[in-house]
Amino acid sequence: MKQLLAFLRKEFLHIFRDYRTMIILFGMPIAQLLIFGFVISNEIRDANIAILDYSKDYQTQKIKEKILSSGYFILTVDLKAENEIDAVLKAGKAKLVLVFEHDFARKLEKTGKAELQIIADASDPNSAEILSNYTRAIVNNYMIGINNGLTTKTVVFTEPRMQFNPGLKSVFMFVPGTMALILLLISAMMTSITIAREKEMGTMEVLLISPLRPTQIIIGKVVPYFLLSFINAIVILALGFFVFGLPMRGNLLLLISESMLFILMSLSLGILISTVSKNQQVAMFISMFALLLPTMLLSGFIFPIENMPLALQYLSYLMPPRFFIVIIKNIMLKGTGIMFVWKETLIILGFTIVFLIASVRKFKQRLE
Amino acid sequence: MVDKYQNSIIKVRGLTKRFGKFTAVDNLNFDVSQSEIFGFLGANGAGKTTAIKILCGLSSPSEGNAEVAGFDVYKQTENIKKNIGYMSQSFSLYEDMTIVENIRFYGGIYGMPLTLLKERTNHMLNRLKMTEYANKLIKEIPLGWKQKLAFSVATLHRPKIVFLDEPTGGVDPITRRQFWDLIYEAIDIGITVFVTTHYMDEAEYCHRVSIMVDGKIAALDTPDNLKQQYNAKSMNEVFLQLARKK
């Protein structure tokens, strides 16, 4: 025990002496979250729109008010004729044009149907899709309001309801993804680098010849980074909660336990990486190449897994962060309990065990 | 025979280590007695490192027996580790830690009581004339200092045997000489020194020298006897003759 404490003190000295790594360690998650949260955003606010209203009755007036007061749209041009639409879109004065047909209110009341055409500038397909969805949602909402009063006839619009994230806030996607990415990177990269450094400097030999047991060496390497990663997890969650208004619908304790399990998995992966890499550069390269890119691309962090080619979908099953992201989203956004995430939990546990067994085997091989 | 090696601290009998078909260490037999400086020479790849790994309890032999400090290399590696010290050519000090922090760390992993550790630290820093630099980082001190410090750290817990694996790589002859003063001080307090080196001038400082060629011990005697036997002026000539023979 005393030996282990001496070893831990040494590890913390390494960590605190290396202030550059410290900055990366704590600066990276914060910077990344802020970048993903504020800059790279799928969310659109204050989009310029134009309106061509042939009817100009009380119904179109109310719908317009609803749309413009939603905060998503700003009316830039009030069009008079159809032939102006093209010009407005081409000039980029509006991203979306709404066209109310003649006799909108009368048709709505008589037949229960009226037409609102949405013309979007699809040269940017993502925002076109998002803007038209917003508009449809607002109009639907309005219609539900009228129908409640009027009974009988309804206007049928397709209804894209954005469950759990009605504002389609992209930060809800990025916080879980960033958390998985950061925890994996820090835990795996840092442990693999510090173990590889001992090998490179020749101090590993001395440690192995000393009365320290290999398990003590591994524990001594893992504990400090476990603590650091854990603090990081809390910082990311707090940022998500306080800065980005991410809801915490499920059990916080469950979320923290799942995070600890994921950190442990990443640490065992780090040990495994270190056993196959000769020096720090190799360890760093493997961590970056084998962890950062696949996590970004295949874990469902940025690109939805359902949209991937089938082969890549299968490949994504090998990405532990994929399962962790599902767990975080389930707990935070949907508020579900262990009953809904036990499968993912078991999978991460499985990864941990496989990595640990493989590392111990490799470790022993190296000694021989 | 038995009487002669009664107080031998390392006993090696028929020690063999094979990796697949390759025999790295082939039927070694030797004894090292207490307070002896035992030189373990050989070209690169002659099997020195493999033999040292076995004696330090890091690896098990394929055949034969060996006892280090009275403990068996098959079953009592834990005990062996507690009773030996080790210094490699990379000096194994942590560059981003101070002199005192390094000493405390090694004292700590060998389980030394804090009061004893402090006492020895002070004594050691005095001896090395480094007291005023105690809080300097290792990366800020010269190579020769690191080397002396690494040796002192390796003997801090007063092991029965200290293994030195090419301890003087990359330093000038004067610093090497000063380093050997420390080795002589260590044997004065009863520590046995087991040293490998490339420098033949250092071989002359050893009490006895063994020369390994292709996994076998080709010669083992005092430097003077070896020179006489091979009709050579220096250990370097002895070494060359043995290495050429194959």
Side-chain angles (χ1 to χ4, degrees), chain A residues 1-25 190 193-221 223-224 275 278-280 360-368, chain B residues 17-20 24 49-50 52-62 77-98 100-114 117 137-139 150 153-154 156-157 159 162-163 165-166 169:
Chain A
M1 195 59 208
K2 215 170 108 188
Q3 291 152 295
L4 186 60
L5 283 180
F7 194 87
L8 283 174
R9 189 170 47 227
K10 171 193 88 99
E11 284 304 312
F12 277 110
L13 276 178
H14 287 321
I15 292 169
F16 293 125
R17 287 279 148 82
D18 190 2
Y19 62 94
R20 269 188 233 110
T21 309
M22 283 288 281
I23 292 172
I24 296 174
L25 222 57
M190 294 299 169
I193 288 179
T194 102
I195 297 178
R197 184 169 63 183
E198 301 258 9
K199 279 196 213 173
E200 204 179 323
M201 307 299 282
T203 43
M204 191 50 114
E205 265 182 312
V206 179
L207 295 179
L208 290 172
I209 288 173
S210 79
L212 278 176
R213 295 199 175 90
T215 39
Q216 283 177 315
I217 297 175
I218 288 179
I219 292 173
K221 285 287 177 192
V223 167
T275 56
K278 276 202 184 74
N279 54 40
Q280 297 180 69
V360 169
R361 279 201 167 167
K362 274 271 165 198
F363 208 74
K364 281 190 178 153
Q365 253 175 40
R366 211 181 66 80
L367 283 181
E368 276 303 301
Chain B
K17 176 79 181 181
R18 289 188 204 91
F19 297 101
T49 310
T50 312
I52 288 185
K53 271 192 173 175
I54 295 172
L55 295 180
C56 291
L58 279 192
S59 148
S60 287
S62 313
T77 53
E78 294 294 323
N79 288 321
I80 290 178
K81 286 177 178 179
K82 278 181 202 146
N83 285 289
I84 62 172
Y86 176 79
M87 171 191 172
S88 75
Q89 57 196 118
S90 49
F91 306 156
S92 25
L93 296 168
Y94 292 95
E95 297 267 308
D96 56 346
M97 284 162 53
T98 65
V100 161
E101 284 162 352
N102 268 288
I103 299 173
R104 272 195 79 178
F105 169 63
Y106 283 106
I109 61 173
Y110 278 94
M112 286 174 62
L114 205 62
L117 180 57
L137 296 179
I138 296 295
K139 61 181 162 200
V153 165
L156 187 69
H157 58 291
V162 62
F163 289 87
D165 192 1
E166 289 174 24

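None of the values given here were measured: they were computed from a predicted structure. Below, chain A is the first sequence line, B the second, and so on; all start at residue 1.
In this structure, Y106(B) has no ring-ring contact (aromatic ring centres under 6.0 Å, His included) partners at least two apart in sequence or on a different chain.
For L93(B), the part sitting under 4.5 Å from any heavy atom of chain A is the backbone (N, CA, C, O) and nothing else. Proximity to chain A (any heavy atom under 4.5 Å) is shown, for Q89(B), by neither the backbone nor the side chain. Neither the backbone nor the side chain of Q216(A) comes within contact range of chain B; no heavy atom of the residue lies under 4.5 Å from a heavy atom of that chain. I84(B) touches chain A through its side chain: at least one heavy atom from C-beta onward sits under 4.5 Å away, while N, CA, C and O do not. Using a 4.5 Å cut-off between heavy atoms, L207(A) touches chain B through its side chain atoms alone. Residue contact with chain A, scored on non-hydrogen atoms closer than 4.5 Å, is absent for M87(B).
In terms of non-hydrogen atom pairs under 4.5 Å with chain B, the most contact-rich of K2(A), H14(A), M201(A) is H14(A). For the options E95(B), M112(B), E101(B), heavy-atom pairs under 4.5 Å to chain A are most numerous at E101(B).
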Test log, rule salt bridge (charged side-chain N to carboxylate O under 4.0 Å, His left out), inputs E78(B) and R213(A)
CA-CA 9 Å; E78(B) 294 294 323; R213(A) 295 199 175 90; 3.8 Å; yes

Could you give me the CA-CA distance, side-chain angles and deciding distance for T215(A) and V360(A), then say whether side-chain contact (heavy atoms from CB on, under 4.5 Å) is met?
CA-CA 9 Å; T215(A) 39; V360(A) 169; over 6 Å; no

Walk me through it: do K17(B) and K53(B) pass the test side-chain contact (heavy atoms from CB on, under 4.5 Å)?
CA-CA 11 Å; K17(B) 176 79 181 181; K53(B) 271 192 173 175; over 6 Å; no

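The number of heavy-atom neighbours closer than 6.0 Å to CZ of R104(B), taken from other residues, nucleotides and ligands shown, is 12 or below.
Under a 3.5 Å cut-off, the side chain of H157(B) and the backbone N or O of N83(B) do not form any donor-acceptor pair.
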